[in-house]
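Atoms considered below: every heavy atom in the structure, side chains included; atoms not considered: hydrogens, waters and symmetry mates. Protein chains get the first letters and strands the later ones, always in sequence-line order, with residue 1 at the start of each.
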Amino acid sequence: MTGVAIAQTQADLEQILAEGDFERVLGGLEQALELLDGGALTLDQTVAIYSIGVGLSRKAEALLKAAELQVAELDMIVDIPDI
Amino acid sequence: MTRAPISVGQLTSYIAELFQYDDLLTDLWVDGEITSVTASRAGHYYFKLADGNASLSCVLFQGKARQQTFLPEAGSQFILHGNIGVYESAGAYQLYVDVVQPTGLGLLALEFARLRIRLLEEGLFEPSRKRPIPTLPRVIGVVTSKDGAVWHDIQTVVARRYPLTRLLLSPTLVQGAEAPQGIVNALQSLLAANVCDVIILSRGGGSAEDLAAFNDERVVRAVFASSVPVISAIGHETDWTLCDEVADVRAATPSAAAEMATPAIEDLLAVVEATRIELMAMMRRVIQASADEISRQGGVMKQHDPRRRILAARSSLDHDRQRLRLLHERAWVHRQHAVETISRQVQYAGMTCLQPSQLAYTAITSQLRAFDPLRTLARGYAVLETQDGKRVRRAADLQGERFFDARLFDGVAHASLESLTLSQDGKQ
């Protein structure tokens, strides 16, 4: 992975950390692991990705623990609920 | 009215055509005992279906035979479905069988079996078209009755396992004459909403008639056409409908369907925790690797430390000095030895070669000693010297001198000149 691609991935992960849902957060976490495992990062990048990864894991845990099931009924005559 | 004669072939074709357009003969169930079964090498079955009064030739071709749960067996009672056709070359009619069922089943079951085989032939139940269920569904659509326990059970399980998802109910009647179309509409409405990652099609337990809507061809085809994976959970574990076969996954109960559609939150928390541990382990590895690299580079630096080089040079110098000293000592000893050898040789040579010279020398010395002035003085002669130390060789040397010294063998006499007489030739 090139330096530009790594920087882009880092930016993507930061965005997921800021506004991602659980699925994206979990995917981002795996991506962070892959990046760290790839061994292509500088020490600074490693520290940054690690920091984002820890943030993502905390967010994933928080999302799971705070979640409450949302239930809706599809009204075949009126509008489709906004989901 | 007299008719012109027709050929056997024309007559047989005519009869065959009559069979083709007869409602009863093109779609009928026939009950009887199977006799004299012959299975061809190609996989076709030829047999008779008989009762006490008559017998009927039957053929079950290999393509149809493959779809059957039961195969013709001589001596057993069966109900066969198919159509009557004419085997023209033999001039015989026979039943072309497409469904073989044991006797004792009701008409509903027989039609179910027949529809199942037809849909099976069309490939609706092909295992290869089954799709995986998404692991983290954002929205789960549910097609079931709004009032039944099924909907409640699904909510309970999903809320416990994966509350991050959203449940979207598309309510419908699930039994009765209007149920099949209702189910189709509910399913299609969910698909039209285009928000579901997976759909659960479910109904609680009931009689075969209660579950009949889920064997309806329209419903089965609607499930087959679904663009979203469908989990079916119809009736109890022992019930099995065509919707179960056409769905991507069959669940034994509605709760089981809800479990299939969702990951367990405990598992996810464990995954998150494991990922965090892995993350930390990786970071530790990276830091350790960096520390190792720094240590390695430090080692390399140390190897190039000037002090180390100076020490090495000093050591080398000491070594060279030591070596030089040894060489010098060795050379000295060697030379000393050589000198001693030469000295001995010279001594020997001196002893051997200089002996004659020594003798000559002694002789010369004796001769010289005869000329020694002191010896002459000892014989009574004296040497005259002027006051300024010049030797007086002739009388003329004393001209103008008032005093002179006479050096004798054992002392000096200071004399004064009274007179001086020179010889005539001036030589005396």
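- The part of A:Glu68 that comes within reach of chain B is its backbone (N, CA, C, O), which places non-hydrogen atoms under 4.5 angstrom from that chain.
- Distance OG1/B:Thr275 to CG/A:Leu26: 6.5 Å, rounded to 0.5 Å.
- Residue A:Leu41: no heavy atom, backbone or side chain, is found under 4.5 Å from chain B.
- Contact check for A:Leu43 versus B:Val286: side-chain heavy atoms found under the 4.5 Å cut-off.
- Atom OG of residue A:Ser57 and atom CG of residue B:Leu269 lie 11.5 Å apart, to the nearest 0.5 angstrom.
- Comparing A:Thr46, A:Ile49, A:Leu69, A:Val71 by heavy-atom pairs within less than 4.5 Å of chain B, the highest count is held by A:Leu69.
- Atom OH in A:Tyr50 sits 5.0 Å away from atom CE in B:Met280 (nearest 0.5 Å).
- In this structure, B:Met282 CE and A:Leu35 CG are separated by 10.0 Å, a value rounded to the nearest 0.5 Å.
- Interface residue A:Asp21: only side-chain heavy atoms are found under 4.5 Å from chain B.
- Using a 4.5 Å cut-off between heavy atoms, A:Val47 touches chain B through backbone and side chain atoms alike.
- Rounding to the nearest 0.5 Å gives a distance of 11.5 Å between CD of A:Glu61 and CG of B:Leu268.
- The line from CZ of A:Phe22 to CD1 of B:Ile265 is 8.0 Å long, rounded to the nearest 0.5 Å.
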